[in-house]
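Single-structure report; data block below.
Both counts, for ligands and for their atoms, begin at 1 and track the order of listing. Just the heavy atoms: all of them, side chains too, but no hydrogens, waters or symmetry mates, feed the values below. No experiment lies behind these values; they were computed from the predicted model shown.
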Amino acid sequence: MDYRKVNEWITEMATLCKPDRIHFCDGSKEEYIKLLEQQVSENKAIKLNESKRPCSYAFFSDPSDVARVEDRTFISSVLKEDAGPTNNWIDPKILKPKMTELFDGSMKGRTMFVIPFVMGPVGALISQYGIQLTDSPYVVCNMRVMTRMGEHIMDIIESGKDFVPCLHSVGYPLAHNQKDLPWPSAPIDQKYIAHFPEERLIWSYGSGYGGNALLGKKCLALRIASKIGKEEGFMAEHMLILKLTNPKGIVKYILGAFPSACGKTNLAMLIPTIPGWKVETVGDDIAWIFKKDDGKLYAINPEKGFFGVAKGTSYQTNYNAMKSIEKNTIFTNVAITKDNDVYWEGMEEAPDELLSWKKQLWHRGDKEPAAHPNSRFTVPIEQAPNLAKEYDDKEGVLISAILVGGRRATTIPLVTEAYSFNHGVFMGSMMGSEITAAAISNNIGKVRRDPFAMLPFIGYHIKDYFTHWFDMKKGTKESDLPKIYYVNWFRKNDKGDFVWPGFGDNSRVLKWIFERQEGTANGIETPLGIMPDKDSFDLDGLNLEQNVLDELFSVDKEAWLSEVEDLRAYYETLGGVPKELYDELEALKDRLMKA
Ligand code: O2Y
Ligand code: MN
């Protein structure tokens with residue numbers, strides 16, 4: 001939208017939503033603390049123990065508003081065909097009037113906050129500016145942590161930058177003297193997380209939670225940015241960015257695409273078990289990939305904070321995350337200890353008694369978890385002890401390698417290097433995890449495909465998304481492109497136990513990948529791709545039996561031939577995919593048949 005229209009748009013939206021007052025956010029710490037304290041005084045948050053967890057607060061959502069709602073998320077392109085078969089679509093001619101009706105008066109009794117923000121470092125070529133209007137002070141505080149926001153961004157927008165207008169309401173207007181709820185929201189069938197890609201516009205109604213409400217994150221930095229990237233030649237990807245330094249001080253940057261709940265934040269913050277190696281974090285969730293004049297691919301992290309899953313995070317599983325959240329943190333849906341600190345399952349042994357995320361008394365041994373499984377911490381990226389200095393570099397970092405992977409108990413080896421960029425894109429297209437949820441028991445063990453972990457986040461037709469990957473390599477020598485690796489930390493043995501220790505030991509895989517780029521590690525050609533030569537894979541200090549190692553790198557020909565057919569069938573559900581992917585599918589089948 002044209003910057004000259006800023007005030008016009010704000011006035012128009014305020015006239016529609018009818019807030020009692022409008023607050024232009026300056027982005028200062030004073031404003032942030034004031035809003036948090038105000039919510040404490042209104043019984044919407046609690047302040048945590050200042051001596052244990054300074055300047056930290058806990059919020060508890062309504063039990064009906066605890067996660068992203070994919071069924072209520074829409075790509076409202078003008079043509080259904082442009083949203084493709086993997087997105088929910090409603091004709092904007094229907095959705096706009098429907099949502100206009102919902103927004104009409106939705107902010108009565110509330111303040112409308114105006115949040116100017118930018119995704120990406122100020123001044124970076126592909127950074128995207130936005131203004132979010134919201135009636136949720138919780139959202140304002142989280143946006144301040146997760147994005148670069150404040151008056152200085154409004155100045156930039158007013159000096160002529162285009163911006164993405166983002167309208168958000170929790171959908172719970174207050175009548176005169178009506179008491180507010182601790183976590184106002186709308187019923188599920190009234191929630192709409194809507195994207196209008198042609199207009200580069202986001203409207204979100206009815207939820208105050210995470211990805212539904214912090215519109216800079218999944219809505220702008222992935223769905224809308226993926227469409228902008230398709231038009232302007234960059235890619236908005238669901239990837240972590242890590243900086244890997246070897247004992248000689250040589251640095252490489254590695255990206256990783258993994259679906260939610262596969263340990264992206266843990267990998268981005270990993271502490272290597274191999275001596276002399278160092279991992280630093282550039283980003284833990286989103287990477288924007290762009291090409292420079294040298295023809296090579298670079299990445300920036302558009303975010304400025306972590307919105308990490310609390311459950312399972314401990315000083316053992318993710319020391320750096322635990323250090324990051326020792327202060328200045330917003331917690332959502334965690335449990336509270338007697339001394340007013342936080343607790344979640346997997347953090348440490350549970351105390352006898354807690355206040356659960358539902359604000360009910362909880363006792364050790366109770367059936368229900370004390371913290372919600374999707375409980376979260378929101379924390380500034382600067383608090384990560386292993387933060388890479390490049391996190392704010394508008395030039396981005398040169399990408400050496402891209403990891404793709406999911407949660408697969410069988411079939412997929414620990415690590416496989418793609419033979420070419422096309423083969424790597426093919427690997428990304430076949431990503432997926434085995435279905436484990438009892439609720440869909442008919443499908444247990446089947447693979448739910450999630451290409452590049454982008455299934456819920458591609459803002460246009462998935463077929464065009466694959467084409468865009470192949471477009472990215474045009475004009476660049478194969479040797480200048482990042483190498484792509486399929487990794488799987490989750491292989492299990494016959495007894496159902498994980499065979500690879502994971503966590504810090506994943507650095508052994510990173511080391512092999514690093515040394516492949518340096519040309520100092522050997523690999524073995526297999527039908528699937530290149531796997532580590534035993535002498536080049538550092539297992540020092542790891543007591544892995546030979547049979548375990550064989551299992552980690554085994555290729556089950558029958559299972560793979562069936563995977564090929566499963567994937568072919570998946571491609572058909574997408575209405576077909578680019579020829580390059582079918583060529584790779586046939587090439588894989590040929591290699592398997594010859595093995
Ligand atoms: O449930 C939510 O709203 C959060 S989802 C989320 C948050 C941080 C990083 N990634 C994700 C995701 O779903 O991929
Ligand atoms: Mn994510």
- [ ] Scan Asp65, Thr73, Leu102 and name whichever one has a side chain to side chain contact (heavy atoms under 4.5 Å, CB included) with Lys191.
- [x] Asp65
Task: Residues in the immediate environment of ligand 1 (any heavy atom closer than 4.0 angstrom) - done: Ala67, Arg68, Tyr209, Gly210, Gly211, Lys217, Lys218, His238, Ser260, Asp285, Phe307, Asn374, Arg376, Phe457
Task: Whether Trp469 and Phe421 hold their rings parallel, tilted or perpendicular, with breakpoints at 30° and 60° - done: tilted
Open item on the list: Around the Mn ion (ligand 2), how many protein N, O or S atoms are found at less than 2.8 Å?
Closed with: 3
Open item on the list: Looking at Tyr57, I'd like to know if the NZ or CZ of Lys47 sits under 6.0 Å from its six-membered ring centre while staying within 45 degrees of the ring's axis.
Closed with: yes
Task: Geometric cation-pi criterion, Lys492 with Phe498: 6.0 Å, 45° - done: yes
Task: Salt bridge Arg72-Asp189, side-chain N to carboxylate O under 4.0 Å - done: no
- [ ] Please step through ring-ring contact (aromatic ring centres under 6.0 Å, His included) for the pair Phe59 and Tyr138, ending with a clear verdict.
- [x] CA-CA 8 Å; Phe59 288 79; Tyr138 167 86; 4.8 Å; yes
Task: Residues Lys218 and His238: side-chain donor-acceptor under 3.5 angstrom - done: yes
TODO: Taking atom CG of Leu125 as the centre, report whether more than 12 heavy atoms of other residues, nucleotides or ligands fall under 6.0 Å from it.
DONE: no
Task: Check: Trp203 ring centre within less than 6.0 Å of Phe103 ring centre - done: yes
